[in-house]
Asks: 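Got a structure for you, written out below as structure tokens; questions coming shortly.
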Amino acid sequence: MTITPPDRFAPTLLDWFDRHGRKDLPWQQQPTPYRVWVSEIMLQQTQVAVVIPYFVRFMARFPALNDLADAPLDAVLALWSGLGYYARARHLHQAARLIRDQHQGVFPQDRQTIESLPGIGRSTAGAILSLALGQCHPILDGNVRRVFARCFGVEGWPGQAAVQARLWGLAEQLMPLERVGAYNQALMDLGATLCTRARPGCDRCPLAPSCVARCQGRQSELPQARPAKPVPRRETLLILARDPRGAVLLERCPPAGIWGGLWSLPQTAPDRDPAQWCRERTGAEPLRVEMRPARRHSFSHFTLTMRIAEIWAIAPPRGVADADSQRWFSPGELAGLGLPAPIRSILADQTAPSNADSNQPPAQEETK
DNA sequence: AATCCGGGGCA
DNA sequence: TGCCCAGGATT
């Protein structure tokens, strides 16, 4: 193995970046702190190719930080719909208002202040300052952790405090004094395109000659995976209530917890009687109830079985179901709402016309 | 079906 | 300080 001395790490990477790195991503054009911030939050949860259209739409709607701050949260959640991790959208919005109100709408330029904003930790703060302003700060996202763990043979799960400390130490040590923005971008690019979790492209990697994992053939063992846990199952009953005009009843999820702040189909315990629920909670008169095929949705920490009761009902002309937390929506209104992806999928299926299943007996068993 | 993710929140 | 949590995509 040819050793790459620590002082050659950054130059090697920068040289690779100049030849192979991506420089045409939307947030790399006019890389202001605001644009880099939004892109980093989106990229925390989603891959580049998926983020691009979301980012473009977001910037078209909120070109500057104050546009975001002045917008209602619902408008932000609607543009985030499908990205997941909706708490991040809420933090983004909340932080924009903080900057508007406490920093005259100017993005702070020191790490301490930036890190105190909701949704921004050390790595995201470092990314904003280095990519947008060229300041010297290390980053340590999932891609960079993988590059370091493999290159320097860092053992242990990166979620462990001691392992994380070691990785941050490497990040600080290896950071160059010049071109830190390009260097950080290069680290992320390398992790995203070559040093991937599965089947890394070591044959094209500039760091391969000195990479510990490569040398030992342990690319698949580093970084060490998170200790596995059993995944519990949960069950819920979704109420798909429609009135004669085709409107659907939605409820807003509580701010904390799953799908926080989003509109969703009303949920109740699987053993509740849907018709009774409908009368009590909405004042709507149920005419007919049919069970639809159940759906399953997997999260990393539990599996959710969603039973679905379809209720044809007569909505009261005005009543409890017309508030900020429970409302009837016409089909045309659904597109502009912040809806969880699985709920959007159910609504698309169940409100689509021409389904032959409208004449089939109500299904009781789970699909698949 | 298993894995990943940067930061918030809470015991 | 050390867990637990979130919602999709990818493999």
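The chains referred to below are lettered A, B, ... by the order of the sequence lines, with proteins before strands, and numbering in each begins at 1.
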Asks: Could you check how far CD1 of A:I41 sits from P of C:dG8, rounded to whole Å?
Replies: 18 Å
Asks: So, A:R150 side chain and A:L222 main chain: donor-acceptor pair closer than 3.5 Å or not?
Replies: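 Present.
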Asks: Of the nucleotides C:dT10, C:dG8, B:dG6, which one has an atom closest to the side chain of A:V50?
Replies: C:dT10
Asks: Quick check for you: among C:dG8, C:dA9, B:dG6, whose closest atom lies nearest to any side-chain atom of A:Y85?
Replies: B:dG6
Asks: Given atom CE of A:M42 and atom C1' of C:dG7, what is their separation to the nearest angstrom?
Replies: 15 Å
Asks: Taking the minimum atom-to-atom distance to the side chain of A:A198, which one of C:dA9, C:dG8, C:dT11 wins?
Replies: C:dT11
Asks: How is A:L43 classified with respect to the nucleic acid when contacts are heavy atoms under 4.0 Å: base, sugar-phosphate, or nothing?
Replies: nothing
Asks: Quick one: A:W157 CH2 to B:dG6 P, roughly how many Å, whole number?
Replies: 12 Å
Asks: If we take the P atom in both B:dG9 and C:dG7, what is their distance in whole Å?
Replies: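 One P to the other, the span is 14 Å.
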Asks: Checking the side chain of A:Y85 only, and the main-chain atoms of A:M42 only, is there a donor and an acceptor separated by less than 3.5 Å?
Replies: no
Asks: When you check the phosphate oxygens OP1 and OP2 of B:dG7, does a side-chain N or O of A:T124 lie under 4.0 Å from one of them?
Replies: yes
Asks: Going by an N to O cut-off under 4.0 Å, is there a salt bridge joining A:R218 and A:E155?
Replies: yes
Asks: Atom CZ of A:R344 and atom C1' of C:dG7: how far apart are they, to the nearest Å?
Replies: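 After rounding, the gap between these two atoms is 14 Å.
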Asks: To the nearest Å, give me how far apart CD (A:Q44) and C1' (C:dG8) are.
Replies: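 Answer to the nearest Å: 14 Å.
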Asks: With nearest nucleotide decided by heavy atoms, which residue, A:Q45 or A:I120, maps closer to the 5′ end of DNA chain B?
Replies: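 By nearest-heavy-atom nucleotide position, the 5'-most residue is A:Q45.
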Asks: Measure the acute angle between the ring planes of A:W16 and A:H20, then classify it against the limits of 30° and 60° as parallel, tilted or perpendicular.
Replies: tilted
Asks: Using atom types as modelled, flag every donor-acceptor pair under 3.5 Å from a side chain in residues 190-207 of chain A to any protein atom, sequence neighbours excluded.
Replies:
{"residue": "A:T193", "atom": "OG1", "partner": "A:D189", "partner atom": "O", "Å": "2.8"}
{"residue": "A:T196", "atom": "OG1", "partner": "A:A198", "partner atom": "O", "Å": "3.0"}

Asks: Is A:R242 paired with A:E310 through a side-chain N to carboxylate O contact shorter than 4.0 Å?
Replies: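 Salt bridge flag = yes for A:R242 with A:E310.
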Asks: Could you state the atom-to-atom distance from CZ of A:R122 to P of B:dG6 in whole Å?
Replies: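 One finds 14 Å between P of B:dG6 and CZ of A:R122, rounded.
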Asks: Map A:Q224 and A:S116 onto DNA chain B by nearest heavy atom, then report which one ends up closer to the 5' terminus.
Replies: A:Q224
Asks: Start at the 5' end of DNA chain C and walk down; is the nucleotide closest to A:R197 or to A:W259 reached first?
Replies: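 The 5'-side residue here is A:W259.
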Asks: Pick base, sugar-phosphate or nothing for A:I258, based on heavy-atom distances below 4.0 Å to the nucleic acid.
Replies: sugar-phosphate
Asks: In whole angstroms, how far is the P atom of C:dA9 from the CD1 atom of A:I52?
Replies: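 My rounded result for the distance is 16 Å.
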Asks: Just to confirm, is there a sub-4.0 Å distance from OP1 or OP2 of C:dG7 to any side-chain nitrogen or oxygen of A:H297?
Replies: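 Indeed not, no polar side-chain atom of A:H297 lies that close.
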Asks: B:dA2, OP1 or OP2 - any side-chain N/O from A:R226 closer than 4.0 Å?
Replies: no
Asks: Between C:dG8, B:dG8, B:dG6, which nucleotide has the shortest distance from any of its atoms to the side chain of A:Y86?
Replies: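 Comparing C:dG8, B:dG8, B:dG6 against the side chain of A:Y86, the answer is C:dG8.
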Asks: For a quick check of understanding: with a heavy-atom distance under 4.0 Å over all strands, which category does A:R90 fall into, base, sugar-phosphate or nothing?
Replies: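 Touches nothing.
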Asks: What is the separation between atom CD1 on A:I128 and atom C1' on B:dG6, rounded to the nearest whole Å?
Replies: 12 Å
Asks: Is it the case that B:dG6 (base atoms only) and A:R88 (side chain only) share a donor and an acceptor within less than 3.5 Å, ignoring hydrogens and angles?
Replies: yes
